[in-house]
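Structure first, commentary second.
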Amino acid sequence: MARGGSTMLDIKYVRSNPEVVEEALVRRGARVSLDEFLTLEEQRRARLVEVEQLKNLRNVVSEEIARLKKSGQNPEDLVLQMRDTSLRIKQQDEQLREVESALEQILLEIPNIPHLTVPVGNSEADNPVVRKWGEPANFTFTPRAHWDIGESLDILDFARGSKIAGARFTVYKGWGARLERALVNYMLDLHTEKHGYQEIFPPFMVNRQCMIGTGQLPKFAEDMFHIENTDYYLVPTAEVPLTNLFREEILDDHQLPLKITAYTACFRAEAGAAGRDTRGLIRQHQFNKIELVKFSRPEDSYAELESLTADAEQVLQGLGLPYQVINLCTADLGFSAAKTYDLEVWLPSFQTYREISSCSNFEDFQARRANIRYRPGPKAKPQFVHTLNGSGLAVGRTVAAILENYQQPDGTVIIPEVLRPYMGGRERII
RNA sequence: GGAGAGAUGGCCGAGAUGGUCGAAGGCGGUCGCCUGCUAAGCGAUUAAGCGAGCAAAACUCGCUUCGAGGGUUCGAAUCCCUCUCUCUCCGCCA
């Protein structure tokens, strides 16, 4: 396949096990018929063989022409003959390219195949809870929503956020802004100093190729902010720049598992979310997030998923926020993921757990699209790595969780102990 | 934004007048020899993708790839056009 001919599934695997693939995709509710794909793939190989034979002829005869010329003979008739051959090559190449691009269109829109440990389900209601940590506090009063707390403490300004930008934008003020910054630093310090991730500070805009690499494009263009008249997209998550850091590269075996983390702002158009979570910090067009990304050997990737999830959980535990871990079922699994654990933090005003982190193993889905490989041994052929990532954590939602879980009857908010060094030693927002 | 230079294999780097150039040479890597050990030295080897053959690995053969795309030509790393990126100088700027 042509360069940049990124494919999500292994063509050879699809070709030899179409029923397995089709069945797996049905389980996750993707309506995909592989018939068209298989027909095109058949065509592609037939044409490829044809055109390669013609090219071989051209190469051989061209050498012959050179030899004749050198020995002073006239290759006129061979040249004439090749003129025709070249024309045919051009035409056939053209047709081959059409088949390939049709094939690629299909492949790029096929989601990943769920791992065997992913429960089959019909909706998010079928996501099993894997474990819970912490006890939701018993309030002696009716807990207020974080937007009320934030406004009365004058640390969140929703009205001015919409004035200067629009709906789903928020201004943080004073200790609110400081809390946001404290969380960013606390999380980065934890992951770099305790969990062994290397800190990265990437661009907040990336080109289209990155978006294809991690699977946001071509299918989910409406979820992203695209800078007009450019090839730039605002990053919807640091997963995109971090995973694409090693696009088109071959890593050394000893570099794996490669663990990196970054703070970035994240930008999401939230198309199709009209009317959902319109108040507060839960669903914004711009929010901050610390992301964890790993590149792993295939055989280690599920162990790495567990430890990555644990790394994200450590943040919540450090902050003393009750949460649960759920295993996303086939119906709820994201497009690129083979398996995902969501961490859901307890929000008292909602009387429910809300997503605050999503930790996924993509297996080689993104690695294929982005062409990220490693060399298992000194002379071994390069293989696709497995990529993983998870939020560690979404900062805005963490602020919401802290305000709600640590609110006091007098309207103040206790600052979790681990954050106090980052908050100038303060114990409370008043 | 203006002017100029450049982009070649893991890295560095050569490649007038287009024709065994997938690409000299060096470094690095691997294997072997030599050596009491190390260093040095000697020899060999060292790109990727795709396809065909094979049950498959090994292997064999073919095609493609010298920043990307297009053009000229029987034939392009080499000539022409467009784009991208990098570097230098000037201007501007946090």
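Every chain is numbered from 1 and lettered A, B, ... according to where its sequence line falls, protein lines coming before strand lines. Quick note: numbers below take in every heavy atom, side chains included, and nothing from hydrogens, waters or symmetry partners.
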rC59(B) - base-pair partner by Watson-Crick or wobble geometry, distances under 3.5 Å: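 Its partner is rG53(B).
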If rC37(B) has a Watson-Crick or G-U wobble mate with both distances under 3.5 Å, name it; if not, just say none.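 Across any shown strand, rC37(B) pairs with none.
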Within the 3.5 Å criterion, strictly below it, is a donor on H146(A) or E404(A) matched to an acceptor on the partner's side chain?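 On atom types as modelled, these side chains qualify, holding a pair under 3.5 Å.
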Give one of base, sugar-phosphate or nothing for [X], where a contact means two heavy atoms less than 4.0 Å apart.
X      : answer
V49(A) : sugar-phosphate
R47(A) : nothing
K69(A) : base
R58(A) : sugar-phosphate
R97(A) : sugar-phosphate
L48(A) : sugar-phosphate

Does a nitrogen or oxygen in the side chain of [X] sit under 4.0 Å from OP1 or OP2 of [N]?
X       : N       : result
N56(A)  : rG62(B) : no
R45(A)  : rC63(B) : no
R375(A) : rG10(B) : no
K90(A)  : rU72(B) : yes

Can you work out whether R67(A) or N59(A) has the more 5'-proximal nearest nucleotide on RNA chain B?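 Result of the comparison: R67(A).
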Quick check: on RNA chain B, is the nucleotide nearest D84(A) upstream (toward 5') of the one nearest P382(A), or the reverse? Name the residue that is more 5'.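 Looking at the nearest nucleotide for each, P382(A) comes out on the 5' side.
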Got a second to check how far I89(A)'s CD1 is from M82(A)'s CE, nearest 0.5 Å?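 So the CD1 of I89(A) and the CE of M82(A) are separated by 8.0 Å.
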Over 60° means perpendicular and under 30° means parallel, so classify the ring planes of Y302(A) and H115(A), tilted if in between.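 Rings of H115(A) and Y302(A): parallel, as their planes differ by under 30°.
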Checking N405(A) side chain against A401(A) main chain: does a donor-acceptor pair fall under 3.5 Å?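 Yes, the answer is positive, given that a donor and an acceptor are paired below the 3.5 Å cut-off.
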